[in-house]
Amino acid sequence: MEGRRLRPPDPAKAPDGYKRTGCSDSGATFKAIDIKEASILPGAIQCPPGTDLMIDVSISYGGGKSSGIPTNTVCGRNLSSDHPGDAGAGGGQLVKGDCVTSQAKEVACGGSGAQKVLGLVKTKSECPSGTTDPIELTMAIGRPYDVICTDG
């Protein structure tokens, strides 16, 4: 699926009915830029920078479309000019160059109270120079960082 384009969800299969299509299809809305093995641990999947959306793919046995065994996560990049996953845009996965509030909530840079992310590390001692306000997070199994280094 990597390099393939996907159409928006099929209303008959909402909310997770994305349909794979060819790269030249005019109805495609985003391109798969990477495909990762799924994880049951929240925050364990790390998509490449610039990922605008992440879609969990599951295999269902039976009638439930909203449940199933996670198999893959598709990391997607919008084909439109809207890219919330770009550093500083306020969406996607948290990456260096994004901005957060003092409560570690990602926001678009330039807003009041926005602190620039200088690094995502395991311990405060690993923060780069210029860090004035490291935010220590509650430990989460699978997340590759526990501290957000910011310029406060």
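Below, each value reflects all heavy atoms present in this structure, side chains not excepted, and no hydrogens, waters or symmetry copies.
- Pro48 and Thr51 get closest at one heavy-atom pair: O-OG1, 2.6 Å.
- Side-chain atoms of Asp52 and His83 form a donor-acceptor pair, as typed in the model, at a separation below 3.5 Å.
- Within the model, atoms CD of Glu37 and CG of Asn72 stand 7.5 Å from one another, a figure rounded to the nearest 0.5 Å.
- Considering all non-hydrogen atoms of both residues, Thr131 and Pro128 come closest at OG1-O, 2.7 Å.
- Counting only distance, with no hydrogens or angles, the side chain of Gln93 and the backbone of Cys47 share a donor-acceptor pair below 3.5 Å.
- Contacts of Ser129 classified as side chain to side chain contact (heavy atoms under 4.5 Å, CB included), with partners at least two apart in sequence or in another chain: none.
- A salt bridge links Asp86 to Arg77: one of the charged nitrogens lies within less than 4.0 Å of a carboxylate oxygen.
- With a 6.0 Å radius and a threshold of 12 heavy atoms from other residues, nucleotides or ligands, Lys122 has its NZ atom above the threshold.
- For the residue pair Ala38 and Thr73, the shortest heavy atom distance occurs at CA-OG1, 4.1 Å.
- Not a single donor-acceptor pair under 3.5 Å links the side chain of Asn78 to the backbone N or O of Ser80.
- Val121 forms part of a hydrophobic cluster together with Val147, judged by ILVMFWY side-chain heavy-atom separations under 4.5 Å.
- Grouped with Ile135 in one hydrophobic cluster are Leu94, Val100, Val117, Leu120, Leu137, Tyr145, Ile148, the linkage being side-chain heavy-atom contacts under 4.5 Å among Ile, Leu, Val, Met, Phe, Trp and Tyr residues.
- When every heavy atom of Cys109 is checked against every heavy atom of Gly97, the shortest pair comes out as SG-O, 3.8 Å.
- Annotation: side chain to side chain contact (heavy atoms under 4.5 Å, CB included) contacts of Ala87 (sequence neighbours excluded): Val95, Asp98.
- Note: Ile33 CD1 to Leu53 CG = 9.0 Å, rounded to the nearest 0.5 Å.
- Under the side chain to side chain contact (heavy atoms under 4.5 Å, CB included) criterion, Pro144 pairs with Gln46, not counting sequence neighbours.
- A side-chain donor-acceptor contact under 3.5 Å links Asp151 to the backbone of Lys116.
- Residues Gln115 and Asp133 come closest through the heavy atom pair OE1-OD2, 3.3 Å.
- Remark: Ser125 pairs with Thr123 by the side chain to side chain donor-acceptor pair (under 3.5 Å) rule, at least two apart or across chains.
- When all heavy atoms of Cys99 and Ala114 are compared, the pair lying nearest together is CB-CB, 3.9 Å.
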